[in-house]
**Student:** 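I'd like to ask some things about the structure below.
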Amino acid sequence: MLFPSKVKMVEVGPRDGLQNEEKIIDTKIKIEFINRLSATGLSVIEATSFVSPKWIPQLADHEEVYKKITKKTNVAYPVLVPNLKGFENALACGVKEIAVFTTPSETFSQRNTNMTAAESMRIIADILQAANANQIHVRGYISCVLGCPYEGDISTQAVADMAETLVRLGCYEISLGDTIGVGTPGKTDRLLKTVMEKIPREKIAVHFHDTYGQALTNIYVALSNGIHVIDSAVAGLGGCPYAKGASGNVASEDVLYMLNGLGIETGVDLNELISVGRFIAKQVGKPVQSKVSNAK
Ligand code: HMG
Ligand code: MG
């Protein structure tokens with residue numbers, strides 16, 4: 001058991017959460033949401049997505065959101081970028097950090113980005129070259145790492161190879177996405193051990209959706225492997241628009257409650273996080289998907 005003493009929580013609610021909510025949230029509310037998250041002690045808040053508004057109308061206001069949020073110096077505000085057009089728009093808005101995304105599943109790649117996996121890797125290589133030239137930090141996501149809605153099982157070796165390539169191209173961290181929340185603890189453990197043969201554990205983050213209620217257990221397995229970066233969304237917002245049945249991200253409140261109980265430091269205040277989760281759930285018009293928030 002290699003439990004870390006400190007964990008970096010990456011809040012993805014404003015991006016992964018709101019991208020999949022039916023109700024399009026007013027730009028002013030998104031800005032207030034992110035500003036309130038900035039006051040909880042979080043050090044990373046994925047703010048929005050510079051993707052095509054035709055594909056994700058929920059985040060069509062990405063430029064205004066990014067420009068108008070209050071940026072704290074000790075908080076990173078990465079944005080998701082699918083292509084060079086998104087990168088250039090993000091750069092023009094003053095973005096300092098981006099996240100790119102790909103997957104070993106050919107079908108998911110087509111449905112999510114209208115590209116083959118190989119095309120997406122070529123585009124990511126171009127983005128990384130441009131990002132390196134502009135001192136922009138890049139995080140890499142790999143989706144469907146524990147199963148795909150179209151192709152079923154995904155080879156752990158293919159995920160590990162992709163992680164290695166993304167690190168070689170310049171990603172500082174690889175977030176392993178259980179996009180549809182089908183992972184179980186044994187599978188999670190095997191995946192992490194395979195990926196750790198290719199990249200150092202310090203560069204691995206985990207990103208669980210909670211469709212089958214396994215996310216916290218899987219995170220515990222990741223912690224026991226020494227992983228110290230965890231993605232989550234307040235109020236358990238979100239899902240994935242191109243993955244039918246994918247439920248929200250694991251709730252940040254529940255992750256934090258578990259980390260507090262394990263004595264793992266995060267710098268994040270639970271009561272503040274609960275309060276922001278309730279605020280955004282009310283705006284979205286859905287109940288808070290956090291057991292901890294609902295029990296308090
Ligand atoms: P396409 O339709 O093949 O591209 O989409 P296109 O080049 O033909 O462009 C179509 C239109 O979009 C054009 O506009 C472009 O200008 C515009 P028109 O000429 O028709 O008026 N466009 C853009 N506009 C703004 N920003 C851009 C941009 N690019 C093109 N960056 C494309 C290809 C990649 C753009 C599209 O498929 C796309 O945006 N996909 C994003 C889908 C997405 O965001 N999915 C969810 C994120 S991934 C995820 O959630 C998983 C994750 O959470 C981890 C996990 O859980 O596993 C990260
Ligand atoms: Mg996701």
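First listed ligand is number 1; within each ligand, the first listed atom is number 1. Scope of the values below: all heavy atoms of this structure, side chains included, with no hydrogens, waters or symmetry mates.
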**Student:** Looking only at non-hydrogen atoms, find the nearest pair between Asp210 and Ser247 and report the distance.
**Tutor:** C-OG, 3.3 Å
**Student:** Between Asn132 and Gln129, do the side chains contain an N or O donor and an N or O acceptor separated by less than 3.5 Å?
**Tutor:**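 No, Gln129 and Asn132 have no side-chain donor paired with an acceptor closer than 3.5 Å.
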**Student:** Using heavy atoms and a 4.0 Å limit, tell me yes or no: is Arg15 in contact with ligand 1?
**Tutor:** yes
**Student:** Indicate yes or no for a side-chain donor-acceptor contact from Asp254 to the backbone of Lys291 under 3.5 Å, with no hydrogens or angles considered.
**Tutor:** yes
**Student:** Atoms of ligand 1 less than 4.0 Å from Pro53 heavy atoms?
**Tutor:**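 It comes down to these atoms of ligand 1: 24 (N), 25 (C).
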**Student:** Report the name of the N/O/S atom of His207 located nearest to the Mg ion (ligand 2).
**Tutor:** NE2
**Student:** Please work out whether any backbone atom (N, CA, C, O) or any side-chain heavy atom from C-beta onward of Pro82 is under 4.0 Å from ligand 1, and answer side chain, backbone, both or neither.
**Tutor:** side chain
**Student:** Is Asp153 paired with Lys187 through a side-chain N to carboxylate O contact shorter than 4.0 Å?
**Tutor:**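 Yes, this pair counts.
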**Student:** Do Arg15 and Tyr141 form a cation-pi contact, if we require the NZ or CZ to be under 6.0 Å from the six-membered ring centre and within 45 degrees of the ring's axis?
**Tutor:** yes
**Student:** Just which atoms of ligand 1 are under 4.0 Å from any heavy atom in Thr113?
**Tutor:** 33 (C), 34 (C), 37 (O)
**Student:** When you measure from the side chain of Glu253 to the backbone of Ala235, do you find a donor-acceptor pair of N or O atoms at a distance under 3.5 Å?
**Tutor:** yes
**Student:** Using heavy atoms and a 4.0 Å limit, tell me yes or no: is Ser175 in contact with ligand 1?
**Tutor:** no
**Student:** Which is closest to atom 23 (C) of ligand 1 by heavy-atom distance: Lys54, Gln19, Arg139, Lys85?
**Tutor:**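 That would be Lys85.
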**Student:** Go through ligand 1 atom by atom and flag the ones less than 4.0 Å from a non-hydrogen atom of Leu80.
**Tutor:** 47 (C)
**Student:** Nearest non-hydrogen contact with atom 54 (C) of ligand 1 belongs to which option: Ser143, Gly17, Ala233, Gly238?
**Tutor:** Ser143
**Student:** With a 4.5 Å heavy-atom cut-off, do Val159 and Val195 have their side chains touching?
**Tutor:**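 Yes, their side chains come closer than 4.5 Å.
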**Student:** How close do Lys23 and Gln283 get, counting heavy atoms only, and between which atoms?
**Tutor:**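 Between these two residues, the closest heavy atoms are NZ-O, 2.8 Å.
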**Student:** Evaluate the ring planes of Phe33 and Phe279, with Trp represented by its six-membered ring, and classify them as parallel (under 30°), tilted (30 to 60°) or perpendicular (over 60°).
**Tutor:**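 The arrangement is tilted - the two ring planes meet at 30° to 60°.
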**Student:** Suppose I only count heavy atoms of Asn114 and a 4.0 Å limit; which atoms of ligand 1 are within that range?
**Tutor:** 1 (P), 3 (O)
**Student:** Phe50 to ligand 1: N or O pair under 3.5 Å?
**Tutor:** yes
**Student:** So for ligand 1, is Asp16 a polar contact partner (N or O within less than 3.5 Å, distance only)?
**Tutor:**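 Min N/O separation from ligand 1 is below 3.5 Å for Asp16.
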**Student:** Which of the N/O/S atoms in His209 sits closest to the Mg ion (ligand 2)?
**Tutor:** NE2
**Student:** For Tyr212 and Thr184, does a side-chain donor sit closer than 3.5 Å to a side-chain acceptor?
**Tutor:**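 On atom types as modelled, these side chains do not qualify, holding no pair under 3.5 Å.
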**Student:** Show me which atoms of ligand 1 lie under 4.0 Å from any heavy atom of Phe101.
**Tutor:** 48 (S)
**Student:** Should the pair Lys71 and Tyr66 be classed as cation-pi, given the thresholds of under 6.0 Å to the six-membered ring centre and 45° from the axis?
**Tutor:**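 Yes - Lys71 lies over the ring of Tyr66, closer than 6.0 Å to its centre and within 45° of its axis.
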**Student:** Would you mind listing which atoms of ligand 1 come within a distance below 4.0 Å of any non-hydrogen atom of Gly86?
**Tutor:**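 That gives atoms 31 (N) of ligand 1.
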**Student:** For ligand 1, find out whether one of its N or O atoms is nearer than 3.5 Å to an N or O atom of Thr179.
**Tutor:**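 Yes.
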**Student:** Is there a polar contact, in the sense of an N or O pair closer than 3.5 Å, between Met115 and ligand 1?
**Tutor:**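 No.
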**Student:** Inspect the contact between Lys193 and Asp189 and indicate whether a charged nitrogen and a carboxylate oxygen are less than 4.0 angstrom apart.
**Tutor:**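 Salt bridge present between Asp189 and Lys193.
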**Student:** Any N/O/S atom, backbone or side chain, of Asp16 lying under 2.8 Å from the Mg ion (ligand 2)?
**Tutor:** yes
**Student:** Within the structure provided, determine whether Tyr220 and Leu262 are in side-chain contact (heavy-atom separation under 4.5 Å).
**Tutor:** yes
**Student:** Taking only heavy atoms of His209, which atoms of ligand 1 are found under 4.0 Å from at least one of them?
**Tutor:** 56 (O)
**Student:** Is it the side chain, the backbone, both or neither of Thr103 that has a heavy atom closer than 4.0 Å to ligand 1?
**Tutor:** neither
**Student:** Counting only heavy atoms, tell me which of Asn112, Val12, Val51 gets closest to atom 40 (N) of ligand 1.
**Tutor:** Asn112
**Student:** Go through ligand 1 atom by atom and flag the ones less than 4.0 Å from a non-hydrogen atom of Asn83.
**Tutor:**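 Going through ligand 1 atom by atom, the ones under 4.0 Å from Asn83 are 27 (C), 28 (C), 29 (N), 30 (C), 31 (N), 35 (C).
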